[in-house]
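The structure appears right after this line, and notes come after that.
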Amino acid sequence: MRIGELASRVGVSVRSLRYYEEQGLLTSTRSPSGQRHYTEDEVERLAFIQQMYAAGLSSRTIAELLPCVDTPSEEHSDSALERMALERERLSAHIADLVRTRDTLDGLMATARAHRERLGKVAAR
């Protein structure tokens, strides 16, 4: 199938498919006129790639995990699990940072509300 059909079937842009190919996440064959052609297998592969992006993984990390899909083995599975555990730790640290940032903002908002309340009492006098 051609790139437009694949993009339509998996719900991504043609530009994304080209990017995935540049990153080594996807492969195609080329027609004599240079058009990309994909197999039915790429539909399932792209669904998996989209799932990994939805999990917050970068294209570089996804490329590191694909050997587990392309050539399954215990070694590749162990490596993929280790890599995903590292990504989970990274996400957990980021979440903790976001919670601290939100808590700081909550404190600023409480200060602003208290200040606003004092202004209202002064104006009422």
Side-chain angles (χ1 to χ4, degrees):
M1 80 188 80
R2 291 177 36 190
I3 194 168
E5 181 184 346
L6 180 61
S8 177
R9 286 189 56 190
V10 296
V12 300
S13 68
V14 168
R15 184 176 184 186
S16 291
L17 294 179
R18 289 185 183 121
Y19 173 77
Y20 297 163
E21 201 165 329
E22 286 173 12
Q23 298 303 306
L25 306 178
L26 187 64
T27 58
S28 66
T29 57
R30 297 288 182 129
S31 71
S33 62
Q35 293 179 330
R36 291 175 170 91
H37 289 274
Y38 300 92
T39 66
E40 195 65 32
D41 293 338
E42 301 308 319
V43 174
E44 188 175 324
R45 183 181 187 89
L46 282 167
F48 183 63
I49 289 170
Q50 288 302 107
Q51 198 173 16
M52 288 190 283
Y53 273 121
L57 303 178
S58 68
S59 58
R60 188 159 99 199
T61 300
I62 294 169
E64 291 176 23
L65 296 174
L66 284 175
C68 186
V69 175
D70 297 334
T71 52
S73 69
E74 285 185 24
E75 180 183 342
H76 286 153
S77 291
D78 290 346
S79 177
L81 285 167
E82 287 174 26
R83 186 65 173 105
M84 286 187 281
L86 288 173
E87 285 301 310
R88 188 178 190 293
E89 289 173 19
R90 181 188 63 79
L91 287 171
S92 293
H94 186 62
I95 289 167
D97 287 343
L98 288 171
V99 168
R100 280 190 295 275
T101 300
R102 184 195 60 204
D103 291 347
T104 300
L105 181 58
D106 286 346
L108 289 170
M109 291 171 67
T111 300
R113 283 187 189 106
H115 178 71
R116 174 70 177 95
E117 191 175 310
R118 282 192 302 275
L119 287 175
K121 288 180 182 177
V122 170
R125 290 185 189 169

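Counting begins at 1 with the first residue of the sequence.
Under the 3.5 Å distance criterion, the side-chain polar atoms of Ser8 are left unmatched by any main-chain donor or acceptor of Gly4.
Between atom CG of residue Leu108 and atom CG of residue Asp103 there is a gap of 11.5 Å, rounded to the nearest 0.5 Å. The distance from the SG atom of Cys68 to the CZ atom of Arg83 is 14.0 Å, given to the nearest 0.5 Å. Note: Glu82 CD to Ser77 OG = 11.0 Å, rounded to the nearest 0.5 Å. Considering CG of Leu6 and CD of Glu40, their distance stands at 9.0 Å, rounded to 0.5 Å. How far CD of Gln35 is from OG1 of Thr29: 11.0 Å, rounded to the nearest 0.5 Å. If you take CG on Leu57 and CD1 on Ile49, they are separated by 11.5 Å, rounding to the nearest 0.5 Å.
When the shell of 6.0 Å around CZ of Arg88 is examined, it contains 12 or fewer heavy atoms from other residues, nucleotides or ligands. Crowding of Arg30 atom CZ: a count of heavy atoms from other residues, nucleotides or ligands under 6.0 Å exceeding 12. By the 6.0 Å contact criterion, NE2 on His94 is open, its count of non-hydrogen atoms from other residues, nucleotides or ligands being 12 or less. Enclosure of atom CD in Glu75 is not indicated, since only 12 or fewer non-hydrogen atoms of other residues, nucleotides or ligands lie within 6.0 angstrom. Heavy atoms from other residues, nucleotides or ligands lying under 6.0 Å from CD of Gln23 number more than 12.
The pair Arg9-Glu42 fails the salt-bridge criterion, with no side-chain N (NZ, NE, NH1 or NH2) lying under 4.0 Å from an Asp/Glu carboxylate O. Classification of Lys121 and Glu117 as a salt-bridged pair holds, one side-chain N sitting under 4.0 Å from a carboxylate O. For the pair Arg45 and Asp70, the salt-bridge criterion is met [side-chain N within less than 4.0 Å of a carboxylate O].
The shortest heavy-atom contact between Arg2 and Tyr38 is C-CD1, 4.3 Å. Between Glu87 and Gly56, the shortest heavy-atom contact is OE1-O, 4.5 Å. The minimum heavy-atom distance linking Met52 with Leu65 is given by the pair SD-CD1, 3.9 Å. Here the closest heavy-atom approach between residue Ala7 and residue Ser13 is recorded as CB-C, 4.1 Å.
Remark: of the listed residues Thr61, Val12, Ile62, Ile62 is the sole one forming a side chain to side chain contact (heavy atoms under 4.5 Å, CB included) with Tyr53. Each of Pro72, Ser79, Ser73 was evaluated against His76; a single residue qualifies, Ser73, per the side chain to side chain contact (heavy atoms under 4.5 Å, CB included) test.
Transitive grouping of hydrophobic side chains (ILVMFWY, heavy atoms separated by less than 4.5 Å) keeps Leu81 and Leu91 in distinct clusters. Neither Leu66 nor Leu86 shares a network with the other; the hydrophobic side chains, linked directly or stepwise wherever heavy atoms of I, L, V, M, F, W or Y lie under 4.5 Å apart, form separate groups for each. A single hydrophobic cluster is seen to contain both Leu26 and Phe48, as judged by linkage of ILVMFWY side chains at heavy-atom distances under 4.5 Å, directly or through other members.
The salt bridge (charged side-chain N to carboxylate O under 4.0 Å, His left out) test applied to Arg18 returns no partner, not counting sequence neighbours.
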